Amino acid sequence: MTDQERITALENEMDLVSPGWRDPIIIDPTLTKPIYEGIVTTSDSYDYFIYNPAIIINGIWNLYTVKVGAIWLGKSANGLNGFTWELTNAPYGSIVYRNDLNQFYGSWHKWNVQTYGRCTNYFSGSANGKQWSMMAADWTQTSGEDRNMIFDNGTYKNYIRVNPKPRTIGYCESPNGYAWNPIIEVLKPDTQDPAGMEFYEMSVIKTERGYFGLLTTYMNNTGIVDVQLVHSVNGKMDWRRLNNRNNFIDRKPGIKQLFGNWSVVNDTAYIYTIENIQDHESGGLHFSSRYKISLAELYKYLN
């Protein structure tokens, strides 16, 4: 099956699952956007950014952070300041915490391990979030970068970047983290998007009103990175781009890259950004801020 045949088959199935998913959603531009709470990690001389959604355990916020090329685990009572930091060997990928097992699990990838141009998916585990051990490697994946994993109803779900240009968002799932189903594309740029747009990442949360994603858009002709809001009833195929495809978070003046990872804490979604004053092709130093939006305000984007 060719890429176009695969896409057509998927779109036909989406027509059955969610009729009208192709229609643009026009909403009131005055809807509440996520509230800026401040910068959490930054440095004048090296990358210092949070790359995973917050994990809350016994009231303590756990944040995985890149700092001077290493992975650190920061713990704080409020997730904004007052951190204690510990050096770890955690994977630079996507990390979830399973309350039922009191265990951390991570999904991450490497290129060219088995054959040049081929992506390999790894699965790691940790009892304390600091010391990690390799658990499995899936050699069957041929593509897929920047995994964003959630654990949902006994299933690991990964939202990943599919690499043949224009880059798109793919989905795969696994019952155990060891063996994953083949990747299927679930979101891709179309003729309504500006020329040069690609999709880079998608962090997903589950709510009572379905699944919401932070869709990272990348303009390959400018290097600008932004975040849009998307929604799905089942978290698999029926993704719809909300807010008339406008940016969900406005970049601050001078910022040219803004990624987002989010999690739900009680009745609020908290977003940790990765930001940069340089475009995606020019290097620069990455830092992180935090935003928040109540679920009540988030649900208004569906009305």
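The structure presented is a predicted model; accordingly, all values stated were derived computationally and were not measured.
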What I want to check is whether the side chains of [X] and [Y] have a donor and an acceptor closer together than 3.5 Å.
| X | Y | answer |
| --- | --- | --- |
| Thr168 | Glu185 | yes |
| Ser107 | Asn121 | yes |
| Glu297 | Thr32 | yes |
| Asp238 | Ser232 | yes |
| Tyr218 | Arg161 | no |
| Thr140 | Trp180 | no |
| Thr191 | Asp193 | no |
| Asn102 | Asn99 | no |
| Asp152 | Tyr211 | yes |
| Asn176 | Ser174 | yes |

Looking at every heavy atom in both [X] and [Y], which two are closest together, and how far apart are they?
| X | Y | result |
| --- | --- | --- |
| Trp72 | Leu87 | CE3-N, 3.4 Å |
| Ala269 | Ile205 | CB-CD1, 4.1 Å |
| Gly144 | Asn163 | N-ND2, 3.4 Å |
| Tyr291 | Asp250 | OH-O, 4.2 Å |
| Ile249 | Leu258 | CG2-CD1, 3.9 Å |
| Met197 | Arg241 | SD-NH2, 3.9 Å |

If hydrophobic clusters are built by linking Ile, Leu, Val, Met, Phe, Trp and Tyr wherever their side-chain heavy atoms come under 4.5 Å apart, do [X] and [Y] end up in the same one?
| X | Y | value |
| --- | --- | --- |
| Ile55 | Tyr92 | yes |
| Val227 | Ile277 | yes |
| Leu101 | Ile57 | no |
| Val264 | Met149 | no |
| Leu285 | Val225 | no |

For a side chain to side chain contact (heavy atoms under 4.5 Å, CB included) check, start with the C-alpha distance between Arg98 and Tyr105, then their side-chain angles and the critical distance, and finish with the verdict. CA-CA 8 Å; Arg98 287 188 55 174; Tyr105 295 98; 3.8 Å; yes
Quick one, Asn153 with Thr155, criterion side chain to side chain donor-acceptor pair (under 3.5 Å). Give me CA distance, side-chain angles, the key distance, then yes/no. CA-CA 6 Å; Asn153 292 331; Thr155 300; over 6 Å; no
Non-hydrogen side-chain atoms of [X] and [Y] separated by less than 4.5 Å:
| X | Y | result |
| --- | --- | --- |
| Ile95 | Tyr51 | yes |
| Asn261 | Asn52 | no |
| Thr268 | Leu295 | no |
| Tyr46 | Val66 | no |
| Gln257 | Glu275 | no |
| Thr207 | Phe212 | yes |

With side chain to side chain donor-acceptor pair (under 3.5 Å) as the test, would you mind laying out the steps for Asn128 and Ser126 before giving the verdict? CA-CA 6 Å; Asn128 59 14; Ser126 173; 3.2 Å; yes
Assess the pair [X] and [Y]: is the distance between their ring centroids shorter than 6.0 Å?
| X | Y | result |
| --- | --- | --- |
| Tyr97 | Phe104 | yes |
| His286 | Phe259 | no |
| Phe123 | Tyr156 | yes |

Determine whether Tyr64 and Ile50 satisfy the following criterion, side chain to side chain contact (heavy atoms under 4.5 Å, CB included), listing intermediate values before the conclusion. CA-CA 6 Å; Tyr64 284 95; Ile50 298 160; over 6 Å; no
For the residue pair Tyr171 and Tyr159, categorise the inter-ring angle as parallel (less than 30°), tilted (30 to 60°) or perpendicular (more than 60°). tilted
Salt-bridged, Lys157 to Glu173, with N to O below 4.0 Å? no
With [X] as the cation and [Y] as the aromatic partner, state whether NZ or CZ is under 6.0 Å from the six-membered ring centre and within 45° of the axis.
| X | Y | answer |
| --- | --- | --- |
| Lys33 | Phe248 | no |
| Lys67 | Tyr48 | yes |
| Arg290 | Trp61 | yes |

